[in-house]
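Reviewing the structure listed below.
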2 protein chains.
Amino acid sequence: MEDKIFKEFLEKKGLKFTKERAAVLKEVFSTHNHFDPDDLLIKMRKKGIRVSKASIYRTLPLLLECGLVEQVEKIDKHAHYEHTFGHGHHDHLICTKCGRIISLFSEKLERLQEKLCKKENFRSISHTLEIRGYCSKCNAKLK
Amino acid sequence: MEDKIFKEFLEKKGLKFTKERAAVLKEVFSTHNHFDPDDLLIKMRKKGIRVSKASIYRTLPLLLECGLVEQVEKIDKHAHYEHTFGHGHHDHLICTKCGRIISLFSEKLERLQEKLCKKENFRSISHTLEIRGYCSKCNAKLK
DNA sequence: TTTCTATTGCAACTGATTCTCAATTACAAT
DNA sequence: ATTGTAATTGAGAATCAGTTGCAATAGAAA
Ligand SMILES: [Mn+2]
Ligand SMILES: [Mn+2]
Ligand SMILES: [Zn+2]
Ligand SMILES: [Zn+2]
């Protein structure tokens, strides 16, 4: 469970599993969609959960660090995230027309990337692949 | 020549090839390294070229639009660019230790990505692949 | 020349993120 | 239960990249 993972991560760093951090975590895992810090704040406020903007901005890097959350879509001017626990790594197809985001995972692609890194003596830790273009619906409309 | 490309692009849009735009273009093509808008400004100031921050920020999107420049390294909080004319498309290996950036191009990788898009009925226009990790030198030091 | 539109620099502005700081809390040790 | 210590919090100020409004300027076309 993500609570346990986060809790243990915090303990290991001498940090506390406070109710604010718990609340942010819960909210982050309440949807499978991508989100940004402001989304989070607004949704929490709506639910009557009292948490400050600062706490959200302070909690997200912790969630990143312990691997429960990843940063995605560096297209916009602000950061977007998605929780990753319970999902494997995946890449994204981003429709620049309607904003739809399609997840993509290919073992073959991952292996090929790894092979190319080896050739350069590069030890890869993580990667981001974002393919921009038109989704099937938008593409159909354009014709 | 990039001047010609930019000039024709501007004309087509009813815009002018002013000396400021020409100066930004020249500076962008004066190095093969990645840069950010502030780099550009500082370098131009040093050379005594008078141009405003606003003009740089106004010119870069035009260079993007006509394909002479691409945005890279979506890691940092501010945008980074590289000129692409005279180079083909390529991806990046980024050493998170020393900051070294290694260009990578693989026909096979590109084809595979394309194939995966087809499977989703996605018409890809562009993509960014950034692999983060340790370069050979930094990796050696870690042992 | 007159008119028109695009362009410029500057400074003010914006919006996202980070920081500062005083007040609060958790919790381990008395 | 009380205290000491360090972590945490919210509020707002500060920062920083990027954008915008505007008055002055420059050119091209008429
Ligand atoms: Mn991948
Ligand atoms: Mn995703
Ligand atoms: Zn679409
Ligand atoms: Zn390195």
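Letters A, B, ... are given to chains in the order of the sequence lines, protein chains preceding strands, and every chain is numbered from 1.
- Counting atom types as modelled, B:Lys53 pairs a side-chain N or O with a base atom of D:dG18 as donor and acceptor under 3.5 Å.
- In this structure, CD1 of A:Ile56 is placed 17 Å from P of C:dC19, rounded to the nearest angstrom.
- With rounding to whole Å, B:Leu15 atom CG is found 14 Å from D:dG27 atom C1'.
- One distance of note links CD of A:Glu70 with OG1 of A:Thr84; it measures 5.0 Å at 0.5 Å rounding.
- In summary, the side chains of A:Glu82 and A:His34 do present a donor paired with an acceptor at a separation below 3.5 Å, with no hydrogens or angles considered.
- Each of B:Pro61 and A:Glu20 was matched to the nucleotide of DNA chain D holding its nearest heavy atom; the match closer to the 5' end belongs to A:Glu20.
- A side-chain donor from one of A:Arg132 and B:Thr128 sits under 3.5 Å from a side-chain acceptor of the other.
- If you take NZ of B:Lys13 and C1' of C:dA6, they are 13 Å apart, rounded to a whole angstrom.
- The residue among A:Lys19 and B:His80 whose nearest nucleotide of DNA chain D is located toward the 5' end is A:Lys19.
- Proximity of B:Tyr57 to the phosphate of D:dT19: no side-chain N or O atom is located under 4.0 Å from OP1 or OP2.
- Using a 3.5 Å distance cut-off with no hydrogens or angles, the side chains of B:Glu114 and B:Ser124 do pair a donor with an acceptor.
- Minimum atom distance to the side chain of A:Lys16 is reached by D:dA7, of the listed C:dG9, D:dA7, C:dT17.
- When heavy atoms are screened at a 4.0 angstrom cut-off, A:Arg58 is found touching base atoms of the nucleic acid.
- Whole-Å rounding puts the A:Lys77 NZ to D:dC16 C1' distance at 16 Å.
- A side-chain donor from one of B:Gln113 and B:His127 sits under 3.5 Å from a side-chain acceptor of the other.
- Rounded to whole angstrom, the span from the NE2 atom of B:His78 across to the P atom of C:dT18 amounts to 14 Å.
- One atom, CZ of A:Phe35, and another, C1' of C:dA16, lie 16 Å apart when rounded to the nearest Å.
- Among D:dA17, C:dG9, D:dT9, the nucleotide with an atom closest to any side-chain atom of B:Ser55 is C:dG9.
- Per the geometry, CD belonging to A:Glu11 stands 14 Å off C1' belonging to C:dA28, to the nearest Å.
- Listed pair A:Thr18 / D:dT9 meets the phosphate criterion, a side-chain N or O lying under 4.0 Å from OP1 or OP2.
- The CZ-C1' distance, from A:Arg21 to D:dA7, rounds to 8 Å in whole Å.
- Across C:dT7, D:dA11, D:dG18, the shortest atom-to-atom separation from the side chain of A:Ala54 is found for D:dA11.
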